[in-house]
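The sequence lines fix the lettering, A, B, ..., with proteins before strands; numbering per chain opens at 1.
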Protein chains: 2
Amino acid sequence: MADLKPGVQHLYLRDEELRQGIELLFYAYRDFTAEPDAILAKLSMGRAHHRVIYFVGRYPGIRVGELLAILRVTKQSLSRVLSQLIREGYVTHRPGPTDRRERRLELTPAGQELERKLTENQRARVAAAYRAAGAAAVEGYKRVMLGLINEADRARFVGATAPARPR
Amino acid sequence: MADLKPGVQHLYLRDEELRQGIELLFYAYRDFTAEPDAILAKLSMGRAHHRVIYFVGRYPGIRVGELLAILRVTKQSLSRVLSQLIREGYVTHRPGPTDRRERRLELTPAGQELERKLTENQRARVAAAYRAAGAAAVEGYKRVMLGLINEADRARFVGATAPARPR
DNA sequence: AGATTTACGTCAGGTTTGTTGACTTATATG
DNA sequence: CATATAAGTCAACAAACCTGACGTAAATCT
């Protein structure tokens, strides 16, 4: 057999390695969202509702604009989903404490209940993966994931226990 | 200050830890898809087209049914996207070598070109994250991601260099 | 006080991506 | 020959996005 040129060999491994990294993300995200999607479908909601419920639960008192920045959707898209959630009693809003133009969003008890139900699954999935992979692997996972995320949003993840509220 | 009950403290950390794991996935996926989406938009295509192009490029000669299983969409959804890609000259098909009912899909040169252009960005992103995080972290990333993926699809990732073709 | 900016909502019209269900065609296989 | 499989297609529909323009209330600047 002819020897492979080292350069070519190297390139091949590198490409394969990178593709694997891409695909891991694709499959993980696909499987990660499948079960909550199924629950939501029964309530005539979609993934967009989950995202809103999740982040309102995560940052109680979050403003609409902050939510827009996190989700990277238009006002219109968010509006449709958010007003449905408010109408159906999962989310409430009140004026901001100093700036009364703001809407500070919070989950109602029903919203908290739904959030728990939806995220339960994902939490369990992450817990199982963390447990199976071990603490060192979890460190590595975080480091790589942080590198994939745009620099602007990495700040949210500094400090293990302080949820960095977006500004 | 009152001491926190250890149990409560533990639960809090655990919940925070898991939420962080969930959010890493959300933000990474969001940022990962943003740039290809922008390129696709100029060609009047969407993310679905990218997925098809990506996996046809990944598994040349893949059958339609295999693609359906990977993407987890209905025949109808795939059909619309796939026939557009064929019509516009990015993908070709030929009958299977032994079973002539099959359509074995492949990228045309134009398809390969587009695939490269679209995935280039994601490859660069993964490469940068891998480089910044280090080899050990990459190992951990893979282990955790594999744990997040449904068992059925983990087999694709055995062996670093053999792309396990779906059956 | 008036002008400007900001936070948020809304109206109108459009696309993509996804769905279900029923039917067709060609080929393989028991 | 009967049945099963791979794939395509038709019709009708819904979810979740988008753009662009306009409106309202409140804060802030000059």
Measure the distance from [atom1] on [X] to [atom2] on [N] and round it to the nearest whole Å.
X: B/Leu71; N: C/dT16; atom1: CG; atom2: P; result: 18 Å
X: B/Leu67; N: C/dT17; atom1: CG; atom2: P; result: 14 Å
X: A/Lys75; N: C/dA7; atom1: NZ; atom2: C1'; result: 8 Å
X: A/Leu78; N: C/dC8; atom1: CG; atom2: P; result: 10 Å
X: A/Leu82; N: D/dC17; atom1: CG; atom2: C1'; result: 16 Å
X: B/Ile62; N: D/dA7; atom1: CD1; atom2: C1'; result: 14 Å
X: A/Leu68; N: D/dC17; atom1: CG; atom2: P; result: 12 Å
X: B/Lys42; N: D/dC18; atom1: NZ; atom2: P; result: 17 Å

Any side chain to side chain donor-acceptor pair (under 3.5 Å) involving residues 123-134 of chain A? Give me the pairs, sequence neighbours left out, ordered by first then second residue. A/Arg123-B/Asp15, A/Arg125-B/Asn150
OP1 or OP2 of C/dT19 versus the side-chain N and O atoms of B/Thr74: is any pair under 4.0 Å? yes
Of the candidates C/dT20, C/dA28, D/dC17, the side chain of B/Arg100 sits closest to C/dA28
Pair listing, salt bridge (Lys or Arg N to Asp or Glu O under 4.0 Å) test, anchored in residues 70-79 of chain B, at least two apart: A/Asp31-B/Arg72, B/Arg72-B/Asp153
Taking only nitrogen or oxygen atoms into account, show me every contact under 3.5 Å that the protein makes with nucleotides 3-6 of chain D, one pair per line with its distance.
from: D/dT5; atom 1: O2; to: B/Arg101; atom 2: NH1; distance (Å): 2.2

Charged N to carboxylate O below 4.0 Å: is that the case for B/Glu102 and B/Arg104?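 Yes.
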Is B/Arg156 salt-bridged to B/Glu66, cutoff N-O under 4.0 Å?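 No salt bridge links B/Arg156 with B/Glu66.
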Can you name the residues that form a side chain to side chain contact (heavy atoms under 4.5 Å, CB included) with [X], not counting sequence neighbours?
X: B/Ala110; answer: B/Tyr90, B/Thr108
X: A/Asn121; answer: A/Glu35
X: B/Leu146; answer: A/Leu24, B/Arg154, B/Phe157

Contacts of B/Arg101 meeting side-chain hydrogen bond (donor to acceptor under 3.5 Å, both in side chains) (sequence neighbours excluded), chain-then-number -> B/Asp99
Restricting both atoms to N or O, compile the protein contacts to nucleotides 12-16 of chain D shorter than 3.5 Å, with distance only.
from: D/dA16; atom 1: OP1; to: A/Gly46; atom 2: N; distance (Å): 3.2
from: D/dA16; atom 1: OP1; to: A/Arg47; atom 2: N; distance (Å): 3.1

Name each donor-acceptor pair under 3.5 Å that joins a side chain in residues 36-46 of chain B to protein atoms two or more places apart or in another chain, with its distance.
from: B/Asp37; atom 1: OD1; to: B/Arg47; atom 2: NE; distance (Å): 3.4
from: B/Asp37; atom 1: OD2; to: B/Arg47; atom 2: NE; distance (Å): 3.1
from: B/Asp37; atom 1: OD2; to: B/Arg47; atom 2: NH2; distance (Å): 2.7

